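The block underneath contains the structure these notes are about, expressed in structure tokens.
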Amino acid sequence: MVMLIVSMVFVSINCVLAFRANSRFRHEDQLPMQWGLSGEVNWFAPRRLALASMPMLAFAVLGFQTILSTNVAPRPGQEGLVFPVLVATGATLVAVQLLHFWLIEKTVGGSAE
């Protein structure tokens, strides 16, 4: 039950961040999704799809981890790692979403106010 609650908290954080970013980038029809090593944008996506991608990914990854944690026994000696790995995964997904927003802001410049 705790695993489900923690997963829901991280997915909710991702959703709130995406919702706020939608207002922040409301003047942009498309947002960059991937950058090359040279810093050039490789491809764009419609704003709402671009912002919904991380919450959807978080839901899928954390949901999968939660289901596994309740249905598959960890290896001997790794029982205490299940919860910290879930928290680390959730925190990483939030950090990657914030990095994406920072890169978008850097790319679109001052028009995202």
Side-chain angles (χ1 to χ4, degrees):
M1 185 65 167
V2 172
M3 303 295 273
L4 179 62
I5 292 170
V6 170
S7 294
M8 288 172 48
V9 166
F10 279 112
V11 170
S12 297
I13 290 169
N14 278 57
C15 289
V16 167
L17 289 172
F19 182 77
R20 291 183 67 206
N22 189 47
S23 296
R24 182 175 169 195
F25 299 118
R26 68 186 172 278
H27 300 297
E28 302 294 326
D29 292 331
Q30 300 216 337
L31 295 176
M33 290 296 291
Q34 182 184 25
W35 291 259
L37 294 176
S38 65
E40 294 290 321
V41 176
N42 291 340
W43 63 281
F44 291 83
R47 183 183 75 243
R48 289 188 176 163
L49 178 63
L51 296 175
S53 62
M54 279 306 293
M56 290 187 303
L57 180 64
F59 179 79
V61 170
L62 295 173
F64 183 68
Q65 278 187 300
T66 301
I67 291 169
L68 281 178
S69 73
T70 58
N71 294 312
V72 178
R75 292 182 180 175
Q78 295 181 345
E79 298 87 359
L81 295 176
V82 175
F83 183 75
V85 167
L86 181 76
V87 171
T89 302
T92 300
L93 288 165
V94 170
V96 168
Q97 186 177 26
L98 292 173
L99 172 65
H100 186 217
F101 295 160
W102 179 76
L103 289 169
I104 292 170
E105 179 70 35
K106 188 176 167 186
T107 302
V108 299
S111 65
E113 296 174 6

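The structure displayed is predicted, hence computed values, not measured ones.
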Spacing of N22 atom CG and L17 atom CG [to the nearest 0.5 Å]: 12.5 Å

Out of curiosity, does M56 fall in the hydrophobic cluster containing L99 (side-chain heavy atoms, cut-off under 4.5 Å, transitive links)? no

Once rounded to the nearest 0.5 Å, what's the spacing between atom CZ of F10 and atom CG of L86? 7.5 Å

Restricting to non-hydrogen atoms, name the atom on W35 and the atom on N42 that form the minimum distance, rounded to 0.1 Å. C-ND2, 3.7 Å

Taking all atoms of both residues into account, what is the closest heavy-atom pair of P32 and I104, and its distance? O-CG1, 3.9 Å

Side-chain (R24) to main-chain (A21) donor-acceptor, under 3.5 angstrom: no

Nearest non-hydrogen partners of F101 and F25, listed with the distance: O-CZ, 3.9 Å

Tell me whether V108 shares a hydrophobic cluster with L49, the cluster being built from Ile, Leu, Val, Met, Phe, Trp, Tyr side chains joined at under 4.5 Å. no

Do V82 and I67 belong to the same hydrophobic cluster, where Ile, Leu, Val, Met, Phe, Trp and Tyr are linked whenever their side-chain heavy atoms lie under 4.5 Å apart, directly or via other members? no

Measuring from T107:OG1 to E105:CD, what's the distance to the nearest 0.5 Å? 9.5 Å

Does atom CZ (F44) have a neighbourhood of more than 12 heavy atoms from anything else shown, all under 6.0 Å? yes

A quick test of your reading: do over 12 heavy atoms of other residues, nucleotides or ligands sit less than 6.0 Å from CE of M3? yes

Hey, does the side chain of Q65 reach the backbone of G63 with a donor-acceptor pair shorter than 3.5 angstrom? no

Just how far is it from atom CG of L103 to atom CG of L98, taken to the nearest 0.5 Å? 11.0 Å

Could you tell me which non-hydrogen atom of V11 sits nearest to which non-hydrogen atom of L62, and how far apart they are? CG2-CD1, 4.1 Å

Quick one: pull up CE in M54 and SG in C15 and give me the separation to the nearest 0.5 Å. 11.0 Å

Pairing residues for M33 by the side chain to side chain contact (heavy atoms under 4.5 Å, CB included) criterion, not counting sequence neighbours: W43, A45, A50, S53, H100

Under the 4.5 Å side-chain heavy-atom rule for ILVMFWY, direct or indirect, which residues accompany L37? none

From L4 CG over to S69 OG, what is the distance, rounded to the nearest 0.5 angstrom? 9.0 Å

Transitively linked via ILVMFWY side-chain contacts under 4.5 Å: V96 with I13? yes

Q97 and L51: which non-hydrogen atoms are nearest, and at how many Å? NE2-O, 4.3 Å

Answer with yes or no whether the hydrophobic clustering places V6 together with L81; edges join I, L, V, M, F, W, Y residues whose side-chain heavy atoms lie under 4.5 Å apart. no

Minimum heavy-atom separation for G80 and P84, please, with both atom names. O-CD, 3.2 Å

Other hydrophobic cluster members with V72, side-chain heavy atoms of Ile/Leu/Val/Met/Phe/Trp/Tyr under 4.5 Å, chained? F64, L68

